[in-house]
Amino acid sequence: MIKKGIGRQIVMHYFIVVFVTLLLVEVIFMFAIRSYYYNSISTHLENYAAWASDYFQKYVKQNEDDELSYLPDMIQTFKLVNTEVEIVNGDGVVLTNSTDFQVDKPVQTSDVLQAKAGSISKWIGRQPGTGELVMAVSSPLKVNGTNKFIIRYVTSLELVNEKLLNITLLAIVIGLVVLAVVLLFSMGLANSIVKPINNIQAVSSQMAKGDFDVRVKGDYAYELGELAATLNFMAQEIVRSNQIKDDFISSISHELRTPLTGIKGWSETLTMGGFDKEETEIGMKIISKETDRLIGLVEEMLDFSKLQQNEMKLVIGSVNITELLQEIMLNVWAKAEQKQIHLKLEGETEQPVMVSGDANRLKQVFLNIVDNAIKFSHENSIIYLVVSKGDESATISVKDTGIGISEENLRRVKDRFFQVNHQGGGTGLGLAITQQLVELHKGTINMESELGTGTTVQVTLPLMKAGAEPPADSGDAGNSFSDEETGPVSKDL
């Protein structure tokens, strides 16, 4: 007995489809066989009746006085094996027949009536008296164009029906064998589908309970294989995400504890009093610096949260990329100077390169990229900021000759919470946020790096179309960078 479920449904559906198909095929087949046999008999009798009618009209010269004398000869001439021949007059009275059996009642079947009207006709029915199923074919016998007699061939259909019954029984047996084979085949097919599903369902249940180390085992084909692979991949990603989350919590806790410790220590120290003005200023500067660091960490996490929830709103305007990069160079100048790193702006800097975007968010993007370049560059090195302009896009390349990134880490460096160096500080969200901000501007970001050689980050942004106006609520004034805002900026710092 098959248990309730998809297995039973598969078996039942297969069985019903095959059963109905076999039933239709066998019914149609039996009707065809019956029609073939009956039509063959009918055609044979009709041909013989037509021949008898022609023969009678051509060769029999009837005389009114001795018309009954040659009827026995006609029976002998027109007789047919396994068939009764009757000579019937216009009233249906059997004048003579090949069996010498006296028929008491006139024959009034449809074949006789139509033969009386002048056409060859067939009738199938039960023989009066015996109840035997017979086929009768009648044809008029004419003399000088006048129907004189009717010749009637009567043959039994019992033997044919017996053969048809045997064929029907054989067809039923064959159908039952086919159904049995289909039943076994469908059960095997159902098991081949249900067993993997049960396995996948059991693994899914374990995963739902929090066990993500379990995996779907087995090499399944087609959609089941894809489902198993997807489930295993999902579990693998959850495990990886959990590990990243744990690492993030550990890292961010450390990042938060360090400035908090500094703030707490200096605030308690200053509360004790007794310090001169210079020492007090040093303590307050450290508190302010660590507070800014805390704010930066919190803002980074808030930005990431907004991006994840699609709540990041851009204030779109026209942005001069060259001016934006010059302002960024000024922002990071002090940090670069500490490592004697030179920043060079090259490429198409003579003419404005205008893109449509949120100036503050684009500044955040390039600040992150340039800040990373400084962080991982050697002292006394050069970082190149190159602007190139295409037909529909602008490409900004930030190239350093720093420590570079290994191929393995390069594939994951834009993943959220991923950090190449966990001791280097930060949340591991910077590049993840950068990538999402670039994608929000319909741009792309690409990284190429070689360990020990350096890294090149390319950001491609669509150019502002000629004649396009920024949205009314954004405006150029609040989002573009002009000389008035940034002050005079050199191309080489």
Reported OG-to-CG distance for the pair S205 and D211, which is rounded to 0.5 angstrom:
11.5 Å
Pair I321, M354 - check side chain to side chain contact (heavy atoms under 4.5 Å, CB included), show working.
CA-CA 6 Å; I321 286 296; M354 305 300 295; over 6 Å; no
Check this for me: K285, atom NZ, are more than 12 non-hydrogen atoms of other residues, nucleotides or ligands nearer than 6.0 Å?
no
Surrounding CG of D219 (heavy atoms of other residues, nucleotides or ligands, distance under 6.0 Å), is the total greater than 12?
no
Are the side chains of L362 and D358 in contact, using a 4.5 Å heavy-atom criterion?
no
Any side-chain donor near an acceptor of the partner, R240 and Q243, under 3.5 Å:
no
If you define the side chain from C-beta out and look only at heavy atoms, does anything of I374 sit under 4.5 Å from Q338?
no
To the nearest 0.5 Å, how far apart are OG1 in T460 and CD1 in I396?
7.0 Å
For M30 and L164, the nearest pair of non-hydrogen atoms, with its separation, is CE-O, 3.5 Å
With heavy-atom distances below 4.5 Å as the criterion, would you say the side chains of I445 and T434 are in contact?
yes
Where is the tightest heavy-atom contact between L224 and I200, given as atom of each residue plus distance?
O-CD1, 4.0 Å
Shortest non-hydrogen separation from S121 to S110 and the atoms involved:
OG-O, 4.2 Å
Any side-chain donor paired with an acceptor under 3.5 Å for N199 and Y220?
yes
How close do A235 and M207 get, counting heavy atoms only, and between which atoms?
CB-CE, 3.4 Å
Quick check: does any side chain N or O of S393 sit under 3.5 Å from a backbone N or O of G390, one acting as donor and the other as acceptor?
no
Non-hydrogen side-chain atoms of V457 and N446 separated by less than 4.5 Å
no
Report, as yes or no, whether the 6.0 Å neighbourhood of atom CE on M234 holds more than 12 heavy atoms from other residues, nucleotides or ligands.
yes
L184 CG to L189 CG distance, which is reported to the nearest 0.5 Å:
12.5 Å
Grab the two heavy atoms, one from S186 and one from L183, that are nearest each other, plus how far apart they are.
OG-O, 2.8 Å
Distance check, rounded to the nearest 0.5 Å: I382 atom CD1 versus L343 atom CG?
10.0 Å
Going by an N to O cut-off under 4.0 Å, is there a salt bridge joining K389 and E350?
no
Q326-T322 side chain donor-acceptor pair, cut-off 3.5 Å
no
Is it the case that the side chains of D303 and Q436 hold a donor-acceptor pair, with the cut-off being a distance below 3.5 Å and no angle test?
no
Taking the six-membered ring of Y38, is the NZ or CZ of R34 close enough (under 6.0 Å from the centre) and on axis enough (within 45°)?
yes
E226 and T230: side-chain donor and acceptor closer than 3.5 Å?
no
Just by modelled atom types, is the S35 backbone N or O under 3.5 Å from a matching donor or acceptor in the N39 side chain?
yes
Are there over 12 heavy-atom neighbours, none belonging to E392, within less than 6.0 Å of that residue's CD?
no
Is the shortest heavy-atom distance from the side chain of F376 to the side chain of D400 under 4.5 Å?
no
Within this structure, what is the CD1-CE distance for the pair I10 and M12, rounded to the nearest 0.5 Å?
13.0 Å
More than 12 heavy atoms from other groups under 6.0 Å of CZ on F19:
no
Would M329 and L345 satisfy side chain to side chain contact (heavy atoms under 4.5 Å, CB included), going step by step from the backbone distance to the final call?
CA-CA 9 Å; M329 290 168 66; L345 180 60; 3.9 Å; yes
Using side-chain contact (heavy atoms from CB on, under 4.5 Å) as the criterion, point out the one residue from V438, L385, V398 that pairs with I369.
V398
For K339, I'd like to know if atom NZ has over 12 heavy atoms of other residues, nucleotides or ligands within 6.0 Å.
yes
Here the pair of heavy atoms bringing G404 nearest to T455 is CA-OG1, 3.7 Å
Between OG of S356 and CD1 of I316, what distance do you get to the nearest 0.5 Å?
5.5 Å
Do any N or O atoms from the side chain of T395 and from the backbone of S388 form a donor-acceptor pair under 3.5 angstrom?
no
Quick one, L461 with V459, criterion side chain to side chain contact (heavy atoms under 4.5 Å, CB included). Give me CA distance, side-chain angles, the key distance, then yes/no.
CA-CA 7 Å; L461 296 169; V459 176; 4.1 Å; yes
Do the side chains of I403 and L451 get nearer than 4.5 Å, heavy atoms only?
no
Do we see a donor-acceptor contact under 3.5 Å between the side chains of S156 and E132?
yes
Exam field: side chain S267 to backbone K264, donor-acceptor pair closer than 3.5 Å:
yes
Quick one: does any side-chain atom of N368 pair with a main-chain N or O of Q364 as donor and acceptor, under 3.5 Å?
no
Could you please spell out the steps behind the side chain to side chain contact (heavy atoms under 4.5 Å, CB included) verdict for I328 and K363?
CA-CA 7 Å; I328 288 171; K363 181 180 178 182; 4.1 Å; yes
Minimum side-chain heavy-atom gap V182-F15 below 4.5 Å:
no
Ignoring hydrogens and geometry, is there a side-chain-to-backbone donor-acceptor pair from S288 to M284 under 3.5 Å?
no
Any non-hydrogen side-chain atom of L324 less than 4.5 Å from a side-chain atom of N320?
no
